[in-house]
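What follows is one structure encoded as structure tokens, with my remarks underneath.
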Amino acid sequence: MKKILLILFSIIFILGCQNKNIKNETVELTNEEKILLMINQCIDDYNSNLIKDREVEWNTTIKPLPINVENIKNITSLKELKEINPQNKITSAVYIGTYDIGDYNMVFEIFNYGNNFWLNGEVNFEVKLETIKIDNPQFSEIKKTLDNLLEYNIETFAYLYGVGIQLGKESETDKGFYTVENNGNYTFNSISDIKQKVESIFTTEFLEKYYNIAFNSEDPIFKEIDGKLYCYETDTTIAESLPYDTSRIIATKEENNNLLIDLVITFDQDVSNELQRIILVKTENGYRLNNTY
């Protein structure tokens with residue numbers, strides 16, 4: 001009887017050790033499997049409308065899904081993507097692949113092998129240029145509005161920093177501040193005049209933080225002294241706007257009080273296939289930009 005119990009105990013002990021080894025054994029994914037896992041994680045986030053959440057979670061900006069794309073099919077193999085050799089591109093990526101999603105290519109760029117896409121990669125969308133209808137009459141009114149806003153958006157925004165402001169004599173009481181002269185087609189006699197001009201391009205919500213710097217801080221850029229407008233002399237520069245090609249508007253969509261516009265940019269005669277997004281905000285005075293473009 002003791003012998004039988006000893007044999008049973010030995011069998012149980014051996015099986016227990018085998019189970020323990022099985023539980024502790026981890027399966028290491030290959031680099032290709034990690035890439036596939038991350039790419040599908042990215043696709044799932046787009047399909048589940050989690051991109052804004054991911055932007056907050058990782059404190060980053062993620063390219064939005066093209067307006068006329070509703071859903072992206074998951075992939076089962078990297079063979080479904082066209083791999084681009086990173087050596088042919090200035091990048092630290094370990095993998096670059098493009099995925100055909102109709103009128104667009106979804107471009108995945110992986111910088112490290114891991115299990116989280118947004119920590120290790122980025123995504124972009126490229127439009128197939130032959131699918132764009134140039135000067136599409138469907139968007140003629142939107143093009144007109146967009147052209148009016150984009151023509152002076154950077155120049156107008158720069159005024160808040162004193163860039164492009166014509167200066168006259170220096171103030172006798174506030175050194176470093178100079179009278180504001182006529183500024184081309186614009187005459188700024190007061191802070192209210194400047195606000196009126198920039199609010200013809202941008203939303204007041206967007207401008208509020210810049211107003212605090214320009215007019216309300218301890219060291220403002222503008223002052224009204226003895227009924228005259230003065231500006232602090234500055235060597236600040238503002239980056240130029242991208243050359244958005246409003247003749248190549250691809251799609252638009254109204255979302256709450258926002259008008260989403262997808263288009264591309266053109267450098268001289270070279271049209272970029274990288275998809276761009278501009279957002280116009282509908283106000284009681286018409287559409288306005290909520291950012292510089």
Side-chain angles (χ1 to χ4, degrees), residues 26-84 86 89 91-128 131 203 205-206 209 242 244 249-265 272-282 287 289-293:
T26 57
V27 178
E28 180 65 27
L29 297 177
T30 65
N31 288 337
E32 289 75 15
E33 289 171 332
K34 291 177 183 179
I35 292 173
L36 182 63
L37 181 71
M38 286 191 288
I39 287 177
N40 277 319
Q41 181 187 74
C42 170
I43 291 174
D44 287 341
D45 283 346
Y46 274 104
N47 289 339
S48 302
N49 296 318
L50 292 175
I51 296 305
K52 291 187 182 298
D53 293 338
R54 296 293 177 256
E55 287 181 324
V56 173
E57 181 180 355
W58 296 103
N59 190 27
T60 188
T61 300
I62 300 173
K63 289 298 179 70
L65 193 67
I67 288 171
N68 45 19
V69 173
E70 296 182 358
N71 193 270
I72 304 169
K73 184 180 177 181
N74 285 98
I75 63 173
T76 57
S77 168
L78 292 184
K79 293 180 180 179
E80 297 177 44
L81 280 69
K82 178 182 178 182
E83 185 174 357
I84 298 173
K89 187 177 179 181
T91 179
S92 59
V94 296
Y95 176 86
I96 303 176
T98 64
Y99 184 32
D100 189 328
I101 55 171
D103 291 344
Y104 305 89
N105 285 317
M106 193 173 184
V107 184
F108 300 96
E109 200 160 351
I110 308 293
F111 301 100
N112 298 290
Y113 301 111
N115 57 8
N116 187 294
F117 180 84
W118 305 113
L119 183 63
N120 298 289
E122 64 181 31
V123 68
N124 208 339
F125 294 94
E126 296 177 347
V127 61
K128 297 173 184 176
T131 66
T203 65
E205 290 77 12
F206 168 72
K209 60 183 176 181
L242 288 175
Y244 292 98
I249 294 177
I250 301 164
T252 65
K253 177 183 178 181
E254 290 189 17
E255 189 174 87
N256 299 323
N257 285 326
N258 293 335
L259 178 64
L260 313 182
I261 303 172
D262 280 355
L263 72 173
V264 294
I265 56 179
S272 170
N273 62 356
E274 183 177 338
L275 191 66
Q276 306 290 331
R277 169 72 56 81
I278 292 180
I279 300 176
L280 303 185
V281 179
K282 189 175 183 179
Y287 283 111
L289 300 174
N290 71 339
N291 208 335
T292 54
Y293 290 95

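- Within the 4.5 Å cutoff, the side chain of I62 has heavy atoms near those of the R54 side chain.
- How far CD of E33 is from CG of N115: 13.5 Å, rounded to the nearest 0.5 Å.
- F125 is linked by a ring pair (Phe, Tyr, Trp, His ring centres under 6.0 Å) to Y46, counting only residues two or more places apart in sequence or in another chain.
- In this structure, CG in L275 is found 5.5 Å from OH in Y104, a value given to the nearest 0.5 Å.
- Rounded to the nearest 0.5 angstrom, L36 CG and L81 CG are separated by 9.0 Å.
- Around atom NZ of K253, no more than 12 heavy atoms belonging to other residues, nucleotides or ligands sit under 6.0 Å away.
- Atom CG of residue L280 and atom CG of residue N257 lie 12.0 Å apart, to the nearest 0.5 angstrom.
- Using a 4.5 Å heavy-atom cutoff, the side chains of N47 and I72 are in contact.
- At a cut-off of 3.5 Å, with distance as the only test, no side-chain donor of D100 or N105 sits close to an acceptor on the other residue.
- Not a single ring pair (Phe, Tyr, Trp, His ring centres under 6.0 Å) links Y244 to another residue, sequence neighbours left out.
- Atoms CG and CD, from N74 and E80 in turn, are 9.5 Å apart once rounded to the nearest 0.5 Å.
- Although no hydrogens or angles enter the test, the distance criterion places a donor-acceptor pair under 3.5 Å between the side chain of N116 and the main chain of W118.
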